[in-house]
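Data block below; observations after.
Below, chains carry the letters A, B, ... as their sequence lines are ordered, and counting in each starts from 1. Since we're looking at a predicted model, the values are computed, not measured.
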Amino acid sequence: MSNGSTQNGDVFENLKLELRRGCLSLAVLTQLRTERYGYTLRKALADDGLEIDEGTLYPLLRRLEAQGLLVSQWREEEKRNKRFYRLSPEGERVLAQLLDEWQRINTSLKKILQEAELGAKL
Amino acid sequence: MSESSRNPKELVDRYLQAVRFWIPKSQRQDDLIAELGEDLRSQIDAKEEELGRTLDKNEVSEILKRCGAPMVVGARLGPPRQLIGPTLFPIYAFVLKMVLLWIQVPIFLFILGPINLAYANGNWGGAIAKTLSEMWTAGFMAAAIITMVFAIVERSPAQAAAACKWDPLKLPPVRKAERKVSPAQAISQLIFGVGGLVWLLLLPQHPFLILGPAAAFLTGAPVWHTFYLPIVVLSALSLVRPALALARPEWDWFPSVAELVQAILTLLLVNFLVNAAGGHTSGADWHPYVMLTEAAKSSAQYIRVAAIVNLSILISLVCSEVGLAIGVAVQTWRLLQMLRKRRVDRQPAPLPVR
């Protein structure tokens, strides 16, 4: 019994991770339409209900930067060096495409869920 | 008083130093550490602003704990490090399995193991231990070399290009579904099995059924008194397989299990028969399987024929033993494959994540 629930828990965690992975990239790109540095970006995401730890955010930022979707710059602010990120022109183009795709998936998913609910009621 | 008690923020530097240790040295190491340090200090600043006072070392420690253990954070921040990536891994696993299970194990089981046993001078335990130890060392070396070669290939630019070079037209044809024992096959096995059993039961009274005209001057050696009954029992048991294939066709696992059990029992029996030959004296008195009748004992020609027949039987038995040993290995492998397939079939397939 406990084995089964542990396995189900693991399955849920893995599926949640997969679900979050794509969403996080989208959320980070969207937030970086405004220039931010790491901490303020994490805070903004957390305030909107999407917690992300340092070990996930910084590798993601580097990957997005390596893909040419972000540009970064070290700058001094409040007597401390901070690395500021913002969307690159390519990032803006890709973000628009991703948001379209997101809307399409969201609409389909809503439709599927409504159909499933209707089916369950019948 | 320690440095961190006087200045709790010094804990951050110590933490960053520990994280740095786990990140590969590169130009990015400083960059990553600086950015993580900035994030942590911003968290401390925000908390201090919220509380209206400076944080003590326990509160700073809490922030660092939440961030994660240095090794874990270092591993996450650093570039992904895979010895062998997902593209090459299936080929790596296949090659490793082929070399270790299909080449090395048979070599040690059928060639080097018997050689060690032959030179053991009765020290069987020592010979087996030596074979196992050599097999372990060779396996370890083979696995290390294969892993090293694949790790090098993984880092070569040709690898990525090779992954794209494939042609759907060159894929192997679809394999036919696993063939079950057909009723006709089972019936014929049953008929021949019963016939064989009857033949075996008639042998003691009618030795010409196996010796032919030589039954006039040859007779079975005492060894058959010991092994006759087990051979008859084994033959009778072999009838169970086709009988159950007919009666319970849904037991698709049974033929494989029965074949394996039958092969193991036959192998044991043949091994005892081969060993029985060793207990007899050599030369003219060497008659482990067939003996001359009293009337023929004085004929030099019959003595020669008896020696040739005994030697032929021994060679046949040794060859059968080797064949059966290979058969047992193959049958075991097939059974394990079948069990694994059944287990996999019961589990839902994971969705590929891109």
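The pair A:Arg80-B:Asp45 meets the salt-bridge criterion, since a charged nitrogen lies less than 4.0 angstrom from a carboxylate oxygen. One finds no salt bridge joining A:Asp53 and B:Arg66 here, because no Lys/Arg side-chain nitrogen approaches an Asp/Glu carboxylate oxygen to under 4.0 Å.
Using a 4.5 Å cut-off between heavy atoms, A:Asn81 contacts chain B through its backbone alone, with no side-chain atom that close. Of the two parts of A:Arg42, only the side chain, counted from C-beta on, holds a non-hydrogen atom closer than 4.5 Å to a non-hydrogen atom of chain B.
By the 6.0 Å contact criterion, CZ on A:Arg75 is enclosed, its count of non-hydrogen atoms from other residues, nucleotides or ligands being greater than 12. Residue-environment remark: CD (A:Glu13) exceeds the threshold of 12 foreign heavy atoms within 6.0 Å. Other residues, nucleotides and ligands contribute only 12 or fewer heavy atoms inside 6.0 Å of the CZ atom of A:Arg86. For CH2 of B:Trp136, the number of neighbouring non-hydrogen atoms (other residues, nucleotides, ligands) closer than 6.0 Å is 12 at most. Shown here is B:Gln17, whose CD atom has no more than 12 heavy atoms of other residues, nucleotides or ligands within 6.0 Å. Within 6.0 Å of CD in B:Glu49 there are 12 or fewer heavy atoms belonging to other residues, nucleotides or ligands.
Side-chain contact check for B:Leu77 versus A:Arg62: every heavy-atom pair is 4.5 Å or farther apart.
Between B:Glu38 atom CD and A:Tyr39 atom OH the span is 10.0 Å, to the nearest 0.5 Å. Atom CG of A:Leu57 and atom CD of B:Glu35 lie 8.0 Å apart (nearest 0.5 Å). Atom OH in A:Tyr58 sits 10.5 Å away from atom CG in B:Leu32 (nearest 0.5 Å).
Most heavy-atom pairs under 4.5 Å with chain B: of the set A:Glu54, A:Glu78, A:Lys82, this distinction falls to A:Glu54.
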